[in-house]
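See below for the structure under consideration.
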Amino acid sequence: MRLSNRNKTSVYGFINTLLIFFLIAGVGAYFLEKYRFNILGKESFLLIAVPVFLILLFYLNGRQIFEYDSDGEALHFRNRNIIPFLQKPLSDEFPKYKLLKFEIVNMFFMKRLYIKISSKNNGATMLKYEISYLTRKELKDLRFSLHKVIKTNKEKSVNI
(Lines give C-alpha, C1' and ligand atoms only; values in the text may rest on other atoms or scores of the structure.)
Protein backbone atom coordinates (compact mmCIF):
# COMPACT_ATOMS: atom_id res chain seq x y z
CA MET A 1 0.00 0.00 0.00
CA ARG A 2 1.22 3.46 -0.81
CA LEU A 3 0.24 6.53 1.16
CA SER A 4 1.39 10.05 0.41
CA ASN A 5 0.21 13.60 1.00
CA ARG A 6 2.81 14.99 -1.43
CA ASN A 7 0.01 16.38 -3.63
CA LYS A 8 -0.76 18.91 -0.85
CA THR A 9 2.69 20.50 -1.05
CA SER A 10 1.33 23.52 -2.94
CA VAL A 11 -1.36 24.06 -0.28
CA TYR A 12 1.23 24.01 2.51
CA GLY A 13 3.46 26.33 0.50
CA PHE A 14 0.56 28.74 0.06
CA ILE A 15 -0.19 28.66 3.81
CA ASN A 16 3.49 29.28 4.55
CA THR A 17 3.59 32.26 2.16
CA LEU A 18 0.34 33.63 3.58
CA LEU A 19 1.68 33.43 7.14
CA ILE A 20 4.90 35.23 6.15
CA PHE A 21 2.91 38.00 4.43
CA PHE A 22 0.70 38.19 7.52
CA LEU A 23 3.83 38.69 9.65
CA ILE A 24 5.23 41.38 7.30
CA ALA A 25 1.89 43.20 7.31
CA GLY A 26 1.76 42.92 11.10
CA VAL A 27 5.23 44.43 11.47
CA GLY A 28 4.28 47.26 9.09
CA ALA A 29 1.02 47.87 10.95
CA TYR A 30 2.89 47.82 14.26
CA PHE A 31 5.29 50.56 13.17
CA LEU A 32 2.47 52.62 11.69
CA GLU A 33 0.51 52.21 14.90
CA LYS A 34 3.48 53.01 17.13
CA TYR A 35 4.77 56.10 15.31
CA ARG A 36 1.78 57.48 13.41
CA PHE A 37 -1.69 56.54 14.71
CA ASN A 38 -1.29 55.36 18.35
CA ILE A 39 -4.87 54.02 18.51
CA LEU A 40 -4.31 50.61 20.11
CA GLY A 41 -1.84 51.64 22.78
CA LYS A 42 -0.17 48.73 24.58
CA GLU A 43 -2.09 46.11 22.61
CA SER A 44 -0.18 47.01 19.43
CA PHE A 45 2.35 44.23 20.20
CA LEU A 46 -0.41 41.77 19.18
CA LEU A 47 0.08 42.89 15.57
CA ILE A 48 3.41 41.02 15.67
CA ALA A 49 2.70 38.42 18.36
CA VAL A 50 -0.29 36.79 16.63
CA PRO A 51 1.46 36.15 13.27
CA VAL A 52 4.58 34.86 15.08
CA PHE A 53 2.39 32.50 17.14
CA LEU A 54 0.65 31.19 13.98
CA ILE A 55 3.98 30.61 12.22
CA LEU A 56 5.36 28.76 15.25
CA LEU A 57 2.21 26.65 15.41
CA PHE A 58 2.57 25.76 11.73
CA TYR A 59 6.22 24.68 12.08
CA LEU A 60 5.95 23.01 15.49
CA ASN A 61 3.30 20.71 14.06
CA GLY A 62 6.17 18.94 12.33
CA ARG A 63 7.19 17.99 8.85
CA GLN A 64 4.31 18.45 6.43
CA ILE A 65 4.96 15.75 3.83
CA PHE A 66 4.70 12.07 4.80
CA GLU A 67 5.11 9.15 2.40
CA TYR A 68 4.67 5.46 3.18
CA ASP A 69 5.15 2.46 0.90
CA SER A 70 4.57 -1.15 1.94
CA ASP A 71 4.63 -2.69 -1.53
CA GLY A 72 7.16 -5.47 -1.91
CA GLU A 73 9.31 -6.92 0.86
CA ALA A 74 10.29 -3.63 2.50
CA LEU A 75 8.62 -0.77 4.33
CA HIS A 76 9.65 2.70 3.23
CA PHE A 77 8.93 5.82 5.32
CA ARG A 78 9.76 9.35 4.22
CA ASN A 79 9.01 12.53 6.17
CA ARG A 80 10.07 15.98 4.98
CA ASN A 81 9.33 19.66 5.33
CA ILE A 82 8.13 21.92 2.51
CA ILE A 83 11.11 24.19 3.19
CA PRO A 84 14.14 21.97 2.53
CA PHE A 85 16.68 23.81 4.70
CA LEU A 86 14.43 24.04 7.77
CA GLN A 87 14.61 20.39 8.88
CA LYS A 88 16.55 17.43 7.61
CA PRO A 89 14.24 14.97 5.80
CA LEU A 90 13.77 11.54 7.35
CA SER A 91 13.94 8.50 5.12
CA ASP A 92 14.01 4.91 6.35
CA GLU A 93 13.67 1.62 4.54
CA PHE A 94 13.76 -1.79 6.20
CA PRO A 95 12.39 -5.31 5.61
CA LYS A 96 8.84 -5.95 6.76
CA TYR A 97 9.88 -8.77 9.09
CA LYS A 98 11.82 -6.29 11.26
CA LEU A 99 8.67 -4.38 12.27
CA LEU A 100 7.87 -5.23 15.90
CA LYS A 101 5.17 -2.72 16.81
CA PHE A 102 3.95 0.80 16.17
CA GLU A 103 2.07 3.48 18.04
CA ILE A 104 0.26 6.59 16.87
CA VAL A 105 0.26 9.30 19.53
CA ASN A 106 -2.25 12.15 19.37
CA MET A 107 -1.13 15.16 21.36
CA PHE A 108 -3.18 18.35 21.47
CA PHE A 109 -2.71 19.29 17.81
CA MET A 110 0.26 17.09 16.89
CA LYS A 111 0.36 13.46 15.80
CA ARG A 112 3.42 11.25 15.91
CA LEU A 113 4.09 7.75 14.61
CA TYR A 114 6.51 5.64 16.63
CA ILE A 115 7.83 2.51 14.92
CA LYS A 116 9.78 -0.15 16.82
CA ILE A 117 11.98 -2.36 14.64
CA SER A 118 14.32 -5.19 15.52
CA SER A 119 18.03 -4.49 15.35
CA LYS A 120 21.10 -6.74 15.46
CA ASN A 121 23.12 -4.59 17.84
CA ASN A 122 20.80 -3.47 20.61
CA GLY A 123 17.62 -5.52 20.17
CA ALA A 124 15.23 -2.78 19.03
CA THR A 125 15.29 0.69 17.55
CA MET A 126 12.58 3.35 17.79
CA LEU A 127 11.85 5.50 14.72
CA LYS A 128 9.75 8.67 14.97
CA TYR A 129 7.70 10.35 12.24
CA GLU A 130 5.51 13.43 12.29
CA ILE A 131 2.09 12.72 10.80
CA SER A 132 0.12 15.80 11.93
CA TYR A 133 -0.88 16.75 8.40
CA LEU A 134 -2.46 13.39 7.44
CA THR A 135 -6.22 13.21 7.12
CA ARG A 136 -8.34 10.89 9.23
CA LYS A 137 -8.74 8.47 6.31
CA GLU A 138 -4.99 8.42 5.64
CA LEU A 139 -4.34 7.68 9.32
CA LYS A 140 -6.87 4.85 9.23
CA ASP A 141 -5.25 3.37 6.11
CA LEU A 142 -1.76 3.66 7.64
CA ARG A 143 -2.91 1.97 10.85
CA PHE A 144 -4.61 -0.82 8.89
CA SER A 145 -1.53 -1.48 6.73
CA LEU A 146 0.86 -1.56 9.70
CA HIS A 147 -1.48 -3.89 11.64
CA LYS A 148 -1.54 -6.18 8.61
CA VAL A 149 2.28 -6.32 8.48
CA ILE A 150 2.52 -7.08 12.21
CA LYS A 151 -0.16 -9.78 11.93
CA THR A 152 1.74 -11.40 9.04
CA ASN A 153 4.98 -11.28 11.04
CA LYS A 154 3.33 -12.98 14.03
CA GLU A 155 1.84 -15.72 11.83
CA LYS A 156 5.22 -16.39 10.21
CA SER A 157 7.00 -16.57 13.58
CA VAL A 158 4.39 -19.07 14.90
CA ASN A 159 4.74 -21.29 11.82
CA ILE A 160 8.52 -21.48 12.11
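Sequential numbering from 1 along the given sequence is applied to the chain's residues. Everything quoted here is computed from the prediction, not taken from an experiment.
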Check your understanding: Taking all non-hydrogen atoms of both residues, which atom of Ile82 and which atom of Gln64 are closest, and how far apart?
Key -> N-OE1, 3.2 Å

Practice item. Could you tell me the separation between the CD1 atom of Ile24 and the CD1 atom of Ile48, rounded to the nearest 0.5 Å? Key: 12.0 Å

Exercise for review: Go through the structure and list residues passing side-chain hydrogen bond (donor to acceptor under 3.5 Å, both in side chains) with Tyr59, not counting sequence neighbours.
Suggested key: Asn16

Review point. So which heavy atom on Ser44 is nearest to which on Gly41, and how close?
Key: OG-O, 3.1 Å

Check your understanding: Val52, Val27: one ILVMFWY side-chain cluster at the under-4.5 Å cut-off?
Key -> yes

**Study point:** Under the ring-ring contact (aromatic ring centres under 6.0 Å, His included) test, residues paired with Tyr68 that sit two or more places apart
**Key:** Phe77

Practice item. Indicate yes or no: at least one non-hydrogen side-chain atom of Glu138 is less than 4.5 angstrom from one of Thr135. Key: yes

Point to revise | Contacts of type side chain to side chain contact (heavy atoms under 4.5 Å, CB included), residue Val11, not counting sequence neighbours | key: Ile15

Practice item. Mind listing the closest non-hydrogen atom pair of Arg80 and Pro89 along with its distance? Key: CB-CB, 3.7 Å

Practice item. Could you tell me whether the side chain of Glu73 and the main chain of Pro95 form a donor-acceptor pair under 3.5 Å? Key: no

Check your understanding: Do you reckon Val105 sits in the same ILVMFWY cluster as Phe102, going by side-chain contacts under 4.5 Å, direct or chained?
Key -> no

Exercise for review: Please identify each residue that fulfils side-chain hydrogen bond (donor to acceptor under 3.5 Å, both in side chains) with Asn121, with sequence neighbours left out.
Suggested key: none

Study note, to complete from the structure: Value for CG (Leu146) from NZ (Lys151), rounded to nearest 0.5 Å, stands at 14.5 Å

Exercise for review: Taking side-chain hydrogen bond (donor to acceptor under 3.5 Å, both in side chains) as the test, write out the residues that go with Ser10, two or more places apart.
Suggested key: none

Exercise for review: Could you go through the side-chain contact (heavy atoms from CB on, under 4.5 Å) check for Lys128 and Leu113 one step at a time?
Suggested key: CA-CA 6 Å; Lys128 300 170 191 129; Leu113 172 66; over 6 Å; no

Study note, to complete from the structure: Those residues at least two apart in sequence (or on a different chain) that pass side chain to side chain contact (heavy atoms under 4.5 Å, CB included) with Glu93 are Ala74, His76

Revision key, fill the gap. Residue pairs passing the ring-ring contact (aromatic ring centres under 6.0 Å, His included) test with at least one member in residues 4-44, sequence neighbours excluded, are Tyr12-Tyr133

Revision key, fill the gap. Interatomic distance, CZ@Phe66 vs NZ@Lys8, rounded to 0.5 Å, equals 13.0 Å

Practice item. Please tell me if the side chains of Leu75 and Asp69 come closer than 4.5 Å, counting only heavy atoms from C-beta onward. Key: no

Practice item. State plainly whether one hydrophobic cluster holds both Leu57 and Leu18, where clusters connect Ile, Leu, Val, Met, Phe, Trp and Tyr through side-chain heavy atoms under 4.5 angstrom apart. Key: no

Practice item. Apply side-chain hydrogen bond (donor to acceptor under 3.5 Å, both in side chains) to Asn61 and list each qualifying residue two or more places apart in sequence or on a separate chain. Key: none

Point to revise | side-chain hydrogen bond (donor to acceptor under 3.5 Å, both in side chains) contacts touching residues 107-119 (sequence neighbours left out) | key: Ser119-Asn122

Review point. Should Ile55 and Leu23 be marked as a side-chain contact (heavy atoms from CB on, under 4.5 Å) after you check the CA-CA gap, both sets of side-chain angles, and the distance that decides it?
Key: CA-CA 8 Å; Ile55 288 173; Leu23 177 64; 3.9 Å; yes

Review point. Can you name the salt bridge (Lys or Arg N to Asp or Glu O under 4.0 Å) partners of Lys137, sequence neighbours left out?
Key: Asp141

Point to revise | Asn153 backbone acceptor or donor facing Lys96 side chain under 3.5 Å | key: no

Check your understanding: Is there a side-chain contact between Asp71 and Arg2, using heavy atoms and a 4.5 Å cut-off?
Key -> yes

Review point. Are Ile83 and Ile20 joined in one hydrophobic group, where the rule is that I, L, V, M, F, W and Y side chains link up if heavy atoms are under 4.5 Å apart?
Key: no

Revision key, fill the gap. Closest heavy-atom pair, Leu100 versus Ile117, reported as atoms and distance to 0.1 Å, is CD1-C, 3.9 Å

Review point. Which distance, rounded to the nearest 0.5 Å, do you find between the CZ of Arg143 and the CG of Leu134?
Key: 11.0 Å

Practice item. To the nearest 0.5 angstrom, please state how far the CZ atom of Phe144 sits from the OG atom of Ser70. Key: 10.5 Å

Revision key, fill the gap. Closest non-hydrogen contact found for Ser145 with Met1 is CB-SD, 3.6 Å

**Study point:** Test log, rule side-chain contact (heavy atoms from CB on, under 4.5 Å), inputs Thr125 and Ile115
**Key:** CA-CA 8 Å; Thr125 302; Ile115 303 275; over 6 Å; no

Check your understanding: What closest approach, in Å, do Ile150 and Leu99 show between heavy atoms, and which atom pair accounts for it?
Key -> CG1-CD2, 3.8 Å

Revision key, fill the gap. Gln87 meets the side chain to side chain contact (heavy atoms under 4.5 Å, CB included) criterion, sequence neighbours left out, with Arg63, Asn81, Glu130

Revision key, fill the gap. Hits for salt bridge (Lys or Arg N to Asp or Glu O under 4.0 Å) against Arg6, two or more places apart or cross-chain, chain-then-number order -> Glu67

Review point. Between atom CD1 of Ile131 and atom CG of Leu142, what is the distance when rounded to the nearest 0.5 Å?
Key: 6.0 Å

Point to revise | Single-linkage hydrophobic cluster Tyr97~Val149, side-chain heavy atoms < 4.5 angstrom | key: no

